[in-house]
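I have placed the structure first, in the form of structure tokens, so that the comments after it can refer back to it.
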Amino acid sequence: MLAMTVNQLLVNAGQQLRAAGIEPAALEGQLLLAHVLRADRLRLLVDRDRRVPAVQQRRFTALLARRCRREPLQYLTGEAEFCGLTIAVDDNVLIPRPETELLVEQVVKRWRNGYRTILDIGTGSGCIAIALAD
């Protein structure tokens with residue numbers, strides 16, 4: 001396998017994701033590559049000409065193929081954002097939804113008005129309890 005640069009991998013990923021009907025393709029490609037390289041998106045832009053080792057290229061290519069088959073990005077990276085927190089997820093739990101953040105906001109409002117006990121039982125990732133405890 002020829003060592004490709006960060007930029008080459010991102011261009012290729014964008015094309016593949018767009019062809020699969022996944023948007024925003026560029027952002028999703030960046031998030032997947034950042035995950036594989038254990039870097040942030042800014043580092044990808046700064047190191048655009050960096051050659052990516054074959055092992056990491058293969059891992060990225062495999063994740064990209066799974067994403068093109070519509071596997072959720074959060075399951076591929078193992079994390080989801082919720083109420084400003086990073087929550088661990090896998091295919092055994094539901095991915096926290098933005099609407100659930102509204103639920104947390106409403107609980108916090110009512111909690112301040114006298115409610116003190118919250119039960120969050122069997123909810124999967126535990127994102128509601130984690131967000132309320134924060």
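Just so we're clear, the structure is a prediction, and the values are computed from it rather than from any experiment.
By the side chain to side chain donor-acceptor pair (under 3.5 Å) test, Q74 pairs with no residue at all, sequence neighbours left out. Shown here are the side chain to side chain donor-acceptor pair (under 3.5 Å) partners of R18, two or more places apart in sequence or in another chain: there are none. With sequence neighbours excluded, no residue satisfies side chain to side chain donor-acceptor pair (under 3.5 Å) with Q15. Applying the side chain to side chain donor-acceptor pair (under 3.5 Å) test to E101 and every residue at least two apart in sequence or in another chain returns nothing.
Linking Ile, Leu, Val, Met, Phe, Trp and Tyr residues whenever their side-chain heavy atoms come within less than 4.5 Å places L103 and V93 in a single cluster.
Expressed to the nearest 0.5 Å, how far OG of S125 lies from CG of L85 amounts to 10.5 Å. Note: E28 CD to T77 OG1 = 10.0 Å, rounded to the nearest 0.5 Å. Taken to the nearest 0.5 Å, the CG atom of N12 stands 9.5 Å off from the CD atom of Q8. Rounding to the nearest 0.5 angstrom, the gap separating the CD atom in Q30 from the CZ atom in R43 is 14.0 Å.
Through side-chain heavy atoms spaced under 4.5 Å, either directly or across other Ile, Leu, Val, Met, Phe, Trp or Tyr residues, L63 is tied to M4, V6, L9, L10, L17, I22, L27, L31, L32, L33, V36, L37, L44, V52, F60, L64, L73, L76.
A pairwise comparison of heavy atoms in V104 and A131 identifies CG1-CB, 4.2 Å as the closest pair. Taking each heavy atom of G14 and A25 in turn, the nearest pair found is O-CB, 3.6 Å. Contact between Y75 and I95 at its shortest, heavy atoms only, is CE2-CG1, 3.5 Å.
A donor-acceptor pair under 3.5 Å is absent between the side-chain atoms of T100 and the main chain of P96, judged by distance alone. Although no hydrogens or angles enter the test, the distance criterion places no donor-acceptor pair under 3.5 Å between the side chain of D47 and the main chain of R50. In terms of modelled atom types and a separation under 3.5 Å, the side chain of R70 and the main chain of A20 share a donor-acceptor contact. Of the possible donor and acceptor atoms, none in the side chain of Q16 sits under 3.5 Å from a partner among the backbone N and O of G29.
Contact of the D91 side chain with the P72 side chain is not registered, since no non-hydrogen atoms from C-beta on lie closer than 4.5 Å. You'll find the side chain of R59 reaches within 4.5 Å of the side chain of H35, heavy atoms only. Side-chain contact between F82 and I130: absent, with no pair of heavy atoms (C-beta onward) separated by less than 4.5 Å.
A salt bridge links R97 with E99; the closest basic N to acidic carboxylate O contact falls under 4.0 Å.
Residue pairs that meet the salt bridge (Lys or Arg N to Asp or Glu O under 4.0 Å) test with at least one member in residues 76-90, sequence neighbours left out, do not exist here.
In this structure, R51 places its CZ atom where more than 12 heavy-atom neighbours from other residues, nucleotides or ligands lie under 6.0 Å away.
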